[in-house]
Number of protein chains: 2
Amino acid sequence: MGNREKIIRGAIELMNARGSAVGTSALAEHLGISPGNLYYHFRNREAIVAEILTRCADDLHAILDVSDQSEISPERFASCYVGGVRVLFEYRFLFSSALELVSSDASLTAAYRKFSETSVGQLKLALSLARAVAASERALTDDDARRFCQNMWLIWTGWPRYAQVNLGRDMDQTDQMECLRHLTLLIEPYVTPAFFQAVSEQAVQQFAQPPKTLA
Amino acid sequence: MGNREKIIRGAIELMNARGSAVGTSALAEHLGISPGNLYYHFRNREAIVAEILTRCADDLHAILDVSDQSEISPERFASCYVGGVRVLFEYRFLFSSALELVSSDASLTAAYRKFSETSVGQLKLALSLARAVAASERALTDDDARRFCQNMWLIWTGWPRYAQVNLGRDMDQTDQMECLRHLTLLIEPYVTPAFFQAVSEQAVQQFAQPPKTLA
DNA sequence: CGAAAATTAGAGCGTTTACTCTAGTAGAGG
DNA sequence: CCTCTACTAGAGTAAACGCTCTAATTTTCG
């Protein structure tokens with residue numbers, strides 16, 4: 001693994017632990033390389049964050065993409081949010097320090113907004129396909145469906161920070177499972193019991209398996 | 001209004017807009033006072049944030065306190081979360097920049113955790129009292145009730161950042177109303193239609209009125 | 001008024017920041 | 001062996017940081 005890759009991974013690790021404000025010297029020291037070395041691989045500090053954001057967006061969008069489906073299975077539905085929890089935990093500082101990131105750079109702002117907009121849109125599509133299957137008795141207007149997906153995004157991206165900051169957790173598998181439970185609770189009233197049961201079982205099962213994309 | 005009060009308000013204003021990372025010189029310039037003046041009124045930069053956190057906690061806890069009630073009216077229930085939205089919007093940077101705040105100082109961490117713990121506890125009490133009234137058909141285990149209140153906290157504290165960062169809003173009354181709608185959507189499945197209807201009407205009505213505590 | 005106290009301004013301190021620049025190493029191809 | 005390219009180290013820069021200090025000003029009160 002080259003230093004470029006080490007820098008990215010080290011930055012994620014350190015920023016997840018201490019917030020996006022970690023400096024270049026702290027990062028270099030953490031990695032055991034010289035501060036100047038960073039600037040051979042990246043134009044500036046912000047370029048590191050930008051690449052991390054891109055990776056996160058790519059990972060998440062690949063998981064949430066259900067545009068090829070006309071109807072969504074409980075298995076696929078579960079994989080959306082089990083996979084989502086994994087990705088959002090891995091890159092959690094992006095959401096914990098969102099205000100700092102966005103107010104520091106204009107191009108990051110645009111990328112960040114596009115990212116969240118696309119994700120919420122994908123969630124909405126998944127929900128509509130799932131609701132077609134679920135045929136729940138509880139109706140949602142179009143505006144409320146958007147709000148529901150935004151709520152889901154808020155819990156999804158907010159829980160890691162909540163667990164870390166408010167509860168002082170150390171961010172292990174247990175915390176990811178708890179995040180899943182929070183999302184489950186949110187979804188439950190809006191799908192049929194049968195669909196919900198199937199999704200829950202699938203979620204637990206998929207969560208027990210190691211993620212696919214890890215080499 | 002003395003400079004001490006001006007500093008607090010200016011800090012809230014500036015940090016809400018740009019994140020908690022605003023420096024002492026930027027703050028002084030924003031207020032039209034000298035940087036050194038800050039240190040007459042406050043021991044150090046962190047003391048300013050600590051006082052803001054205390055104020056926020058006091059304001060919110062006063063609004064959420066239902067410990068004197070044995071049963072909660074729709075009016076009181078609505079005032080909890082209408083008032084809560086107001087407070088959390090006013091101090092929104094505390095939640096947007098929580099990771100940065102907490103990782104910078106140990107005593108702030110303790111205060112922040114106590115704050116959120118108490119708030120979620122108060123929410124849980126309000127919910128249990130409301131559910132006694134509402135007698136909904138949808139049961140919640142104790143763990144799920146906690147998760148529900150944590151979800152509420154996440155949306156409550158997360159929405160301002162979402163609106164500001166992800167949607168690029170300018171944080172006016174409309175955004176607070178939208179936050180209310182998000183919370184409403186969360187609550188709806190867990191109370192009876194009659195209670196929900198009463199709470200919704202009360203919420204709209206209370207929201208239209210100016211806040212009581214403003215002198 | 002006049003003295004004491006409270007408040008303010010602003011220069012300046014040491015430290016840290018993101019970043020640049022130059023000297024130098026490691027390995028591949030000829 | 002030599003050279004070229006990819007990469008690394010580390011000293012050094014200007015600016016910004018939180019903060020201290022002193023002198024001046026305003027307010028308070030006998």
Side-chain angles (χ1 to χ4, degrees), chain A residues 1-53 93-94 97-109 111-112, chain B residues 1-53 93-94 96-109 111:
Chain A
M1 183 170 61
N3 263 7
R4 188 188 154 86
E5 189 62 24
K6 265 167 57 177
I7 290 168
I8 291 284
R9 300 205 186 181
I12 294 173
E13 194 181 331
L14 217 60
M15 289 182 177
N16 274 340
R18 290 203 249 151
S20 73
V22 288
T24 51
S25 50
L27 177 56
E29 192 182 1
H30 175 73
L31 292 167
I33 64 173
S34 89
N37 196 343
L38 296 174
Y39 293 86
Y40 175 78
H41 296 284
F42 296 93
R43 213 179 75 259
N44 51 25
R45 201 190 95 98
E46 177 244 310
I48 300 175
V49 178
E51 172 148 342
I52 295 174
L53 179 61
F93 83 92
L94 287 175
S97 305
L99 181 56
E100 276 73 18
L101 292 177
V102 157
S103 59
S104 75
D105 185 84
S107 69
L108 266 182
T109 310
Y112 192 87
Chain B
M1 184 168 60
N3 263 5
R4 187 188 156 87
E5 190 62 25
K6 265 167 58 179
I7 290 168
I8 291 284
R9 301 207 186 178
I12 294 173
E13 194 180 332
L14 216 61
M15 289 182 178
N16 274 340
R18 290 202 251 151
S20 72
V22 288
T24 51
S25 49
L27 177 56
E29 193 183 359
H30 175 73
L31 293 167
I33 65 173
S34 88
N37 196 345
L38 297 174
Y39 294 86
Y40 175 77
H41 295 285
F42 296 93
R43 213 180 75 260
N44 52 24
R45 200 191 98 99
E46 179 244 309
I48 300 174
V49 179
E51 172 148 342
I52 295 173
L53 179 60
F93 83 91
L94 288 175
S96 305
S97 305
L99 182 56
E100 277 71 20
L101 293 177
V102 157
S103 58
S104 74
D105 184 85
S107 68
L108 266 182
T109 310

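To find a chain, count down the sequence lines: A is the first, B the second, and so on, and within it residues start at 1. Just so we're clear, the structure is a prediction, and the values are computed from it rather than from any experiment.
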Working to the nearest 0.5 Å, report the span between [atom1] of [X] and [atom2] of [Y].
| X | Y | atom1 | atom2 | result |
| --- | --- | --- | --- | --- |
| B/F93 | B/R18 | CZ | CZ | 13.0 Å |
| A/L38 | A/N44 | CG | CG | 11.0 Å |
| B/I7 | B/E51 | CD1 | CD | 10.0 Å |
| A/I8 | A/L31 | CD1 | CG | 10.5 Å |
| B/L99 | A/L99 | CG | CG | 12.5 Å |

- prompt: Mapping B/G2 and A/V22 to their closest nucleotides on DNA chain C, which lands nearer the 5' end?
  reply: B/G2
Starting from [atom2] on [N], measure out to [atom1] on [X] and report it in whole angstrom.
| X | N | atom1 | atom2 | answer |
| --- | --- | --- | --- | --- |
| A/N44 | C/dC21 | CG | P | 14 Å |
| B/R45 | D/dA16 | CZ | P | 17 Å |
| B/E29 | D/dG18 | CD | C1' | 16 Å |
| A/E100 | C/dT17 | CD | P | 16 Å |
| A/R4 | D/dT8 | CZ | P | 12 Å |
| B/R18 | D/dA16 | CZ | P | 13 Å |

- prompt: Only one of B/L94, B/L53, B/V102 forms a side-chain contact (heavy atoms from CB on, under 4.5 Å) with B/L108, so which one is it?
  reply: B/L53
query: Per the end-axis method with five pairs at each terminus, what is the bend angle of the helix from C/dC1-D/dG30 to C/dG30-D/dC1, to 10°?
result: 0°
query: How close do B/E100 and B/S20 get, heavy atom to heavy atom, and via which atoms?
result: CB-OG, 3.9 Å
task: Search all heavy atoms of A/I52 against all heavy atoms of A/I12 and return the closest pair with its distance.
output: CD1-CG1, 3.6 Å
task: Check the pair B/L27, B/I48 against side chain to side chain contact (heavy atoms under 4.5 Å, CB included), reporting the backbone distance first and the verdict last.
output: CA-CA 11 Å; B/L27 177 56; B/I48 300 174; 4.2 Å; yes
- request: When you get a sec, tell me which of D/dT8, D/dC17, C/dA18 is the closest nucleotide to the side chain of A/N3?
  value: D/dT8
message: Can you pull out the residues from residues 33-42 of chain B that lie within a 4.0 Å heavy-atom distance of DNA chain C?
response: B/I33, B/S34, B/G36, B/N37, B/Y40, B/H41
- request: Please step through side chain to side chain contact (heavy atoms under 4.5 Å, CB included) for the pair A/V49 and A/D105, ending with a clear verdict.
  value: CA-CA 11 Å; A/V49 178; A/D105 185 84; over 6 Å; no
Listed pairs, N/O of protein and of nucleotides 24-28 of chain D, under 3.5 Å:
none

query: For A/K6, does its backbone N or O pair with a side-chain atom of A/N3 as donor and acceptor, under 3.5 Å?
result: no
message: Taking only side-chain N and O atoms of A/T24, does any of them lie within less than 4.0 angstrom of OP1 or OP2 on C/dT17?
response: no
